[in-house]
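Chain letters run A, B, ... following the sequence lines, proteins first, then strands; residues in each count from 1.
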Protein chains: 2
Amino acid sequence: MSKRLESDLDTSFMDGLIGYNLRRAYLVIARDFAQSLAGVDLGPVQFTILTLIDANPGCTQNIIAKAISIKRTNFVALLDGLEAQGLAERRPSPTDRRSHALYLTHAGQTMLADLKPRIIAHEQKFAAIMSSAEADLLRDLLVRLRRVGADSADETEI
Amino acid sequence: MSKRLESDLDTSFMDGLIGYNLRRAYLVIARDFAQSLAGVDLGPVQFTILTLIDANPGCTQNIIAKAISIKRTNFVALLDGLEAQGLAERRPSPTDRRSHALYLTHAGQTMLADLKPRIIAHEQKFAAIMSSAEADLLRDLLVRLRRVGADSADETEI
DNA sequence: TATTGTTATACTCTATAACTATA
DNA sequence: TATAGTTATAGAGTATAACAATA
């Protein structure tokens with residue numbers, strides 16, 4: 001197998017680009033993440049929303065949407081999906097009648113407790129190929145990278 | 001502005017995940033990359049294809065598709081777009097009548113020469129926030145990360 | 001039988017514009 | 001006037017299944 005490797009190709013220009021390498025690594029991890037969620041009707045973003053509601057009960061849609069850099073407008077359907085599955089719910093906000101206070105249902109908490117170990121196992125598969133010092137630096141560099149775009153970002157806070 | 005920061009949110013679980021930080025950084029760079037290509041009818045993947053055909057004239061669709069981890073099936077429309085704009089062309093392969101030999105047209109070479117400086121400027125905006133040693137380590141870590149998924153990848157070579 | 005390219009199709013994520021109800 | 005949520009819609013990017021031509 002692999003009679004002809006893609007290493008025959010000259011990819012030198014792309015290989016030097018941070019963005020290109022970032023995309024390649026992201027795609028690999030995103031696929032593995034999705035496999036970790038196999039059998040569950042949740043996308044990666046929905047899992048993230050689940051964890052954030054769990055850690056911040058009563059928070060609003062906007063707060064979460066900004067925190068994870070997705071548009072308010074795209075948040076609606078994602079939350080609709082969680083609500084339809086009985087995992088989360090919108091309650092009227094006690095302080096602002098425009099906004100909703102978000103909570104996990106009991107089923108949502110159970111689901112999250114079931115999924116977290118899967119995600120941690122998925123993560124460890126990747127963390128295993130670097131030292132903890134390298135992992136720390138990697139996270140730090142990724143955070144710094146995403147702050148570069150902070151000015152050009154319109155409504156989605158970085 | 002920014003009367004209430006998302007840092008009020010407890011995002012500790014997600015912050016610890018490599019995949020999450022990778023996604024956030026990737027999205028920021030991908031948006032900036034797209035802006036660098038503003039006014040040109042090319043997506044990021046099409047730009048990548050353009051550079052690879054330029055560096056590897058006569059190569060086949062499959063070789064490039066594998067090199068950048070996209071499906072053969074999705075490559076077709078991307079290349080169609082390049083051909084429709086007169087930037088690239090499919091010629092019959094001299095050795096295998098199933099495959100096509102890919103080449104840039106003169107217009108394609110001119111376009112690429114125009115775009116490369118834009119992409120390099122885009123890259124430098126991000127490279128500027130780290131030392132060259134950090135950038136080298138980052139690229140190395142990203143390559144190592146994407147190789148973790150090498151076994152579970154079916155047809156798209158990592 | 002396996003591989004290259006192809007069509008058709010669907011799903012996820014992201015994006016913009018315009019609306020409503022509140023503030 | 002601005003903000004929170006919503007609807008509708010569009011576009012990338014990615015995914016699978018099935019096919020024709022060639023190896």
Separation of [N] [atom2] from [X] [atom1] (nearest whole Å):
X: A:L42; N: C:dC11; atom1: CG; atom2: P; answer: 16 Å
X: B:L79; N: C:dG5; atom1: CG; atom2: P; answer: 10 Å
X: A:N62; N: C:dA21; atom1: CG; atom2: C1'; answer: 15 Å
X: A:L37; N: C:dC11; atom1: CG; atom2: P; answer: 18 Å
X: A:I64; N: D:dT3; atom1: CD1; atom2: P; answer: 20 Å
X: A:R72; N: C:dT22; atom1: CZ; atom2: C1'; answer: 13 Å
X: A:D80; N: D:dG5; atom1: CG; atom2: C1'; answer: 11 Å

So if I take residues 83-103 of chain B and measure heavy-atom distances to DNA chain C, which residues fall below 4.0 Å? B:R90, B:R98, B:S99, B:H100
Less than 4.0 Å between a side-chain N and a carboxylate O, is that true for A:E134 and B:R144?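 Result for this pair is yes, salt bridge flagged.
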Taking the side chain as everything from C-beta on, heavy atoms only, tell me whether B:L52 gets closer than 4.5 Å to B:I63.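 No, side chains not in contact.
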Any B:I18 side-chain heavy atom under 4.5 Å of A:H122 side chain: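 SC-SC contact between B:I18 and A:H122 ruled out.
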5' priority, DNA chain D, between B:T73 and A:T60 [closest heavy atom]: A:T60
Please find the pair of heavy atoms, one from B:D41 and one from B:Q46, that lie closest to each other, and give the distance. O-OE1, 4.0 Å
What nitrogen or oxygen pairs link the protein and nucleotides 9-14 of chain D at under 3.5 Å?
{"from": "D:dT14", "atom 1": "OP1", "to": "A:R23", "atom 2": "NH2", "distance (Å)": "3.1"}

Just checking A:Y20 against A:F13, ring centres under 6.0 Å apart?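 Centroid distance A:Y20-A:F13: not below 6.0 Å, so no.
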Which of parallel (below 30°), tilted (30 to 60°) and perpendicular (above 60°) describes B:F47 and B:F33?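 Perpendicular.
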Are a donor atom and an acceptor atom from the side chains of B:N62 and B:T60 found within less than 3.5 Å of each other? no
Just to verify, what does A:D15 make a salt bridge (Lys or Arg N to Asp or Glu O under 4.0 Å) with, not counting sequence neighbours? none
Working note: B:E123 + B:K125, criterion salt bridge (Lys or Arg N to Asp or Glu O under 4.0 Å); need CA distance, chi angles, decisive distance, verdict. CA-CA 5 Å; B:E123 267 287 315; B:K125 205 156 74 177; over 6 Å; no
